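Remember, predicted model here, so these are calculated numbers, not experimental data.
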Amino acid sequence: MKTHLHDLITHALRSLQATGILPETILPPIGLEHTRDRTHGDFASTIALALAKTVRRPPRELAEQIAAALPPSDWVAKVEVAGPGYLNFFLTATSSYRIVGDIL
């Protein structure tokens, strides 16, 4: 699942680079971790916080732009921007079933 979310974020960042919102520079590693609190989603990313200083923009604003540029996914129910610029990913029930298939 982390790989899928990583790919979605990478796609969004490349889209923002193509439109000139982000510069055509090397992107930092995409921080993506399980959340400790389920009310904050299933996974959270700190990519906007990592990019903010480099592109000299507020991290929350970057997080909102990244969230808007994310491609649709059958495994992501919703994405929320939280705090200073975290991206919180809430997964669908079908995403859990995919993992079971991989294990089997």
Inset, instruction - Specify the closest pair of heavy atoms between L70 and L8, including all atoms of both residues, with the distance to one decimal. - result: CD2-O, 3.4 Å
Inset, instruction - Kindly indicate whether the side chain of L87, heavy atoms from C-beta on, has any atom under 4.5 Å from the side chain of T46. - result: no
Legend entry - Residues that H40 engages under ring-ring contact (aromatic ring centres under 6.0 Å, His included), provided they are two or more places apart: none
Legend entry - Close side-chain approach of H4 and S73, heavy atoms under 4.5 Å: yes
Legend entry - CG-CH2 distance between L5 and W75, expressed to the nearest 0.5 angstrom: 9.5 Å
Legend entry - Nearest heavy-atom neighbours spanning A77 and T92: N-CG2, 3.5 Å
Legend entry - For R57, all residues meeting salt bridge (charged side-chain N to carboxylate O under 4.0 Å, His left out), sequence neighbours excluded: E61
Legend entry - Test item: L13 and I30 side chains (from C-beta on) under 4.5 Å apart, heavy atoms: yes
Legend entry - Donor-acceptor contact below 3.5 Å, side chain E33 vs main chain A44: no
Inset, instruction - Using a 4.5 Å cut-off on heavy atoms from C-beta on, say whether the side chain of R14 contacts that of L22. - result: no
Inset, instruction - Decide if atom CG of D74 counts as having more than 12 heavy atoms of other residues, nucleotides or ligands within a radius under 6.0 Å. - result: no
Legend entry - Under the ring-ring contact (aromatic ring centres under 6.0 Å, His included) test, residues paired with F90 that sit two or more places apart: none
Inset, instruction - May I ask you to list the residues sharing a hydrophobic cluster with L49, side-chain cutoff 4.5 Å, ordered by chain and number? - result: Y86
Legend entry - For the student: nearest non-hydrogen atoms of S45 and G31, plus distance: OG-O, 2.8 Å
Legend entry - Partner residues of H11 under the ring-ring contact (aromatic ring centres under 6.0 Å, His included) criterion, sequence neighbours left out: none
Legend entry - R56: salt bridge (charged side-chain N to carboxylate O under 4.0 Å, His left out) partners, not counting sequence neighbours: none
Inset, instruction - Would you please test T39 and D37 for side-chain hydrogen bond (donor to acceptor under 3.5 Å, both in side chains) and show each step? - result: CA-CA 5 Å; T39 62; D37 184 347; 2.8 Å; yes
Legend entry - Heavy-atom side-chain contact between F43 and L91 under 4.5 Å: yes
Legend entry - Heavy-atom check, side chain of P28 versus side chain of I47, under 4.5 Å: yes
Legend entry - Inter-residue atom distance I21.CD1 - L62.CG, 0.5 Å rounding: 9.5 Å
Legend entry - G85 versus A63, closest heavy-atom pair with distance: O-CB, 3.5 Å
Inset, instruction - Could you check if a side-chain atom of D42 sits within less than 4.5 angstrom of a side-chain atom of N88, using non-hydrogen atoms only? - result: no
Inset, instruction - With the side chain counted from C-beta on, respond yes when R60 and V81 share a heavy-atom pair under 4.5 Å apart, and no when they do not. - result: yes
